[in-house]
Amino acid sequence: MCTLERRGDVFILTITGGDEHRLNPELIDSIRVALARAKSESTRSTALITTAQGKFFSNGYDLSWALSDPDPARLRSKTMSKKLRLLVEELISLPMPTIAAVTGHASAAGFILALSHDYLLMRKDRGYLYMSELDINYDIPRWFVQVVKNKIGSPKIWRSVVLTAAKITAAVGVDWGIVDSAHGSAEETVDAAVKLGMDLVRRKWDGKVYAANRRAVLADVLAVLGSDETVGDSGEDDASQSKVVSRL
């Protein structure tokens, strides 16, 4: 479901296949394994790019899978949410700069996954960023909103993103300060991400210091990752989650 390629000191994590890359536990676990491998193989100064094959970067949670759960306790939804929150925490804690090369649609949780990187590059000719919760009649988790507020500067743009479910092209994303740069094709987007990654690596920053500083910047996000009210998760299992994170 994922591959991890290394080009010098730049890792390229690619979500493979031509489907919508819905974030179910299987895909999230695959991404987390790739992150753990990048972390274990990293040198003092490295960078990570996350991209995807096909029409989608990620079309969000796998709601069809979650909502078909026969258990009234909604265990599938809780599991899916916990795993994504762990993935976001691991990205924030990764000891290297991170770049999302968005070469297709990134919707809802898929948009949050892209925003959880330090940089977001996007192709011009296809795809949009889209918080779809209003359009699909779904309550947005508070932790999603905290990510949006930490990554997007303007309250008017928060309103457009969350309260009008705007479909944001690459050009609009650059204008709104969400997208760092826009490129002509999927290949050009990944190539630009590799160039950016190499430029960052040449700064020779200590990865552990970089991660510590990122955690300080995103402390408000980390503070809300322990629970998700939309699936009835009060965060009571935070201790066990932390143990999992510490082992990666």
Lys/Arg-Asp/Glu bridge criterion (N-O < 4.0 Å) met for Asp199, Lys195:
yes

Is Arg215 salt-bridged to Glu89, cutoff N-O under 4.0 Å?
yes

Closest approach of Tyr61 to Leu23 (non-hydrogen atoms, all atoms of both residues)
CD2-O, 3.7 Å

Expected output: side-chain Asn150 to main-chain Gln146 donor-acceptor under 3.5 Å:
yes

Rounded to the nearest 0.5 angstrom, the CG-CD1 distance for Leu48 and Ile12 is 9.5 Å

Please find the pair of heavy atoms, one from Asn59 and one from Arg22, that lie closest to each other, and give the distance.
O-NH1, 2.8 Å

Residue pairs meeting ring pair (Phe, Tyr, Trp, His ring centres under 6.0 Å), one or both in residues 181-205, sequence neighbours left out, come to Trp205-Tyr210

Is the backbone of Val201 close enough, under 3.5 Å, to the side chain of Ser45 for a donor and an acceptor to pair up by distance?
yes

Would you check, one step at a time, whether the test side-chain contact (heavy atoms from CB on, under 4.5 Å) holds for Val231 with Asp228?
CA-CA 6 Å; Val231 295; Asp228 181 353; 3.9 Å; yes

Distance-only side-chain donor-acceptor flag, Arg159 / Thr164, under 3.5 Å
no

Test side-chain contact (heavy atoms from CB on, under 4.5 Å) on Ser181 and Tyr119 and set out the steps.
CA-CA 9 Å; Ser181 59; Tyr119 300 87; over 6 Å; no

Around Arg6, counting heavy atoms of other residues, nucleotides and ligands shown, do more than 12 lie under 6.0 Å from its CZ?
yes

Atom pairs and distances, donor-acceptor, side-chain atoms in residues 126-136, under 3.5 Å, two or more places apart:
unit_1 : atom_1 : unit_2 : atom_2 : d
Tyr130 : OH     : Asp135 : OD2    : 2.5

Any non-hydrogen side-chain atom of Val10 less than 4.5 Å from a side-chain atom of Ile49?
yes

Close side-chain approach of Phe57 to Leu113, heavy-atom, < 4.5 Å
yes

Any chain of hydrophobic side-chain contacts (each under 4.5 Å) joining Val174 to Val102?
yes

Is it the case that the side chain of Thr79 and the backbone of Leu75 share a donor-acceptor pair, with hydrogens and angles ignored and the cut-off at 3.5 Å?
yes

Tell me if the CD atom of Glu26 is crowded by more than 12 foreign heavy atoms within 6.0 Å.
no

Can you give me the closest heavy-atom contact between Asp118 and Met96, atom names plus distance?
OD2-O, 4.1 Å

Got Val161 and Ile178 here, is their nearest side-chain heavy-atom distance under 4.5 Å?
yes

Taking the side chain as everything from C-beta on, heavy atoms only, tell me whether Ile152 gets closer than 4.5 Å to Trp158.
yes

Which heavy atom of Gln53 sits nearest to which heavy atom of Thr14, and what is that distance?
CG-CG2, 3.8 Å

Using a strict 4.0 Å threshold on nitrogen-to-oxygen distance, state whether Arg123 and Asp125 make a salt bridge.
yes

Testing the basics here: between Asp233 and Ser227, what is the closest heavy-atom pair and its distance to 0.1 Å?
O-CB, 3.2 Å

Check: Ile112 and Val148 side chains under 4.5 Å, non-hydrogen atoms:
yes

Out of curiosity, Ser30 OG to Ile28 CD1, how far, rounded to the nearest 0.5 Å?
11.0 Å

Leu35 vs Leu94 side-chain heavy atoms within contact, under 4.5 Å
yes

Do the non-hydrogen side-chain atoms of Thr51 and Ile15 ever get within less than 4.5 Å of each other?
no

Please check if atom CG in Asp139 has more than 12 non-hydrogen atoms from other residues, nucleotides or ligands closer than 6.0 Å.
no

After noting the C-alpha distance and the side-chain angles of Arg214 and Ile92, does the key distance pass the side-chain contact (heavy atoms from CB on, under 4.5 Å) rule?
CA-CA 7 Å; Arg214 186 201 287 122; Ile92 293 172; 4.1 Å; yes

Verdict with supporting geometry, Leu27 and Cys2, side-chain contact (heavy atoms from CB on, under 4.5 Å):
CA-CA 8 Å; Leu27 177 54; Cys2 291; 4.1 Å; yes

Evaluate the side-chain proximity of Arg85 to Trp143: yes if any heavy-atom separation is below 4.5 Å, no if none is.
yes

Between His21 and Ser58, which heavy-atom pair has the shortest distance, and what is it?
O-OG, 2.9 Å

